[in-house]
Protein chains: 2
Amino acid sequence: MPRPRFDQLPAPKRRRILDAAAEEFAQHGFDGASYNRIIRAAGVSKGAMYYYFDDKQDLFLTTVEDTLARGQEAFGSLDSVLAATDARGFWDAMQGLNRRAWSIFYDDPSLLALGKALLASPGLTESATYRELVARLDGVMRELVAAGVEVGAIRRDLDPALLSAVLLGMGEALDRFLIARVDTLDPAALAGLPERVLDLFVRAAAPAHALSSLVLGARDEPRAAPSDVSDQPLADAPAEAPAEAPAPEE
Amino acid sequence: MPRPRFDQLPAPKRRRILDAAAEEFAQHGFDGASYNRIIRAAGVSKGAMYYYFDDKQDLFLTTVEDTLARGQEAFGSLDSVLAATDARGFWDAMQGLNRRAWSIFYDDPSLLALGKALLASPGLTESATYRELVARLDGVMRELVAAGVEVGAIRRDLDPALLSAVLLGMGEALDRFLIARVDTLDPAALAGLPERVLDLFVRAAAPAHALSSLVLGARDEPRAAPSDVSDQPLADAPAEAPAEAPAPEE
DNA sequence: CCAGGTTTAGACCATGCGGTCGAACCAAAC
DNA sequence: GTTTGGTTCGACCGCATGGTCTAAACCTGG
């Protein structure tokens, strides 16, 4: 933890330091980040920094903690999801969370990058602060899953930890994908995206018997008409290849 | 690319160098890896190394290329999947691929780690070798997706690139999860795992109308009996918490 | 106005990095 | 026997790193 002196610093200076650190750590990860660069960017002397923080790790964890706290504040509570009484309501509420989360990450991508840096630094796992942070995130996830299970929105046939891991992985992949192409994607496609993204989560997480009632465009009749309204490709990809595979003959 | 002299080295020495490099790069990523450590581990002098390779990046790309080639050889062809004529057959064949891939990664985790190191090194994206490697992997993925779409095993309503990204993300998360717990998991649960894992891929990738016929245990009737045979938790997770949430009242 | 603790500054340290370079080695050619 | 040229070696270079330390600047109570 930071020396108590740091907390007594004038707020703007504290912010300058934490912001510089957040950017550096988010960009390069813990190992790759340069303490010297942070010091330069923050406009503080080395002596002062080592007067505030024990070492690089101390600064890093303080930065993560601060960023997380700010993100959490922006995020608000999970009540809407926890209050759901049926599967549909649960996923609708999750959609809301999803939107909120997305806009937060969009506003401040360093939050996500910092989280990744935290998880990717094996040397830090011993630190108490680290454990506490991870436990907090894990607790949130468990709470959500438990609530979903209770209302039949989430399958019980998978280890919740595995399910969490998979959902996080999907989310990360989606984030990467979208961040990489947010400027090149058709705005219209972008608008319909949250529904489709959530649909992916539902597909992975819902109980098998509830899939047909929760998944977009799923019918009880196994073979629907080949051209469905919702079967429009998302982006420009189909412009290349669709001619050669007109319709499955089966 | 490596100086041609490297290829003329006696095979065992070449192997020693590439193995040392693969381990170091897999463990620390490109930036984190130490050329000096590799040199020490390989038992070669620095001068010799710089006689074989232009620089660190040259060694890295050569290592990746070599490892990938060896992995590809072990992996074999995609014919079984490309030859499928219906959705079920496609996914059955994918199951086979999945098993093969898993056993390869299990035997030699450095392959996966090297791939990650490659993707995580933004500075290398300009290199021609890098582009070629990525293009090769991307081509394989496109081929598979195209085949799946043709037989109705893969949805068309999502940009294939996005779908690939999500599936890769899921796979990565699963790998991480399993690698982390492979020793603590119940062997019985482990045995049934490939089916469940593939089921996750099917859920994400199949067309909506085919879900009920492809997903494990999906019924057309939305509300099945609460205790289904396949509704057994996968691992030890329930041993901790089940007492406080005995049964959903629904 | 000064004493004495608190805070700041930045030169300095050891270490490790990727990369260079001139010398040594050695087998084949003359 | 000497020269040549491909190969190997490791000391060395400049640089950046995380971290230390001393001396000056600053502030505040007496």
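Proteins come first, then strands; the chains are lettered A, B, ... in the order of their sequence lines, and each starts at number 1. Reckoned from all heavy atoms, side chains included, excluding hydrogens, waters and symmetry mates.
- When the P atom of C:dG19 is taken as reference, atom OH of B:Y52 falls 17 Å away, rounded to whole Å.
- Looking at B:K46, its side chain comes within 3.5 Å of the base of C:dG19 through a donor and an acceptor atom.
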Legend entry - Stepwise side-chain contact (heavy atoms from CB on, under 4.5 Å) check, A:F30 with A:K56: CA-CA 9 Å; A:F30 177 73; A:K56 190 185 182 185; 3.9 Å; yes
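- Of the candidate nucleotides D:dC9, D:dT17, C:dG18, C:dG18 has the atom nearest to the side chain of B:Y50.
- Residues A:N36 and A:G47 each lie close to DNA chain D; by heavy-atom proximity, the contact nearer the 5' end of the strand is made by A:N36.
- With rounding to whole Å, B:L9 atom CG is found 9 Å from D:dT7 atom P.
- Distance B:R40 CZ to C:dT15 P: 14 Å, rounded to the nearest Å.
- Defined by atom type and a distance below 3.5 Å, a donor-acceptor pair is missing between the side-chain atoms of B:N36 and B:S34.
- In this structure, A:K56 atom NZ and D:dT17 atom C1' are separated by 8 Å, rounded to whole Å.
- Dashed line: the shortest gap from a side-chain N or O of B:S34 to OP1 or OP2 of C:dG16 is not under 4.0 Å.
- Applying the 4.0 Å criterion to OP1 and OP2 of C:dT8, one finds that A:Y51 has every side-chain N and O outside that range.
- For B:F53 and B:F60, the gap between ring centers reaches or exceeds 6.0 Å.
- Mapped onto DNA chain D by nearest heavy atom, B:S45 and A:F30 fall at different nucleotides, with B:S45 at the one closer to the 5' end.
- For A:R100 against A:S80, the heavy-atom pair with the smallest separation is NH2-OG, 4.2 Å.
- Distance, A:D58 CG to D:dG19 C1': 14 Å, rounded to whole Å.
- Here D:dA16 presents its P atom at 19 Å from CG of A:D31, a figure rounded to the nearest Å.
- Taking only side-chain atoms of A:R37, from C-beta outward, the nucleotide of C:dT8, D:dG19, D:dT17 with the closest atom is D:dT17.
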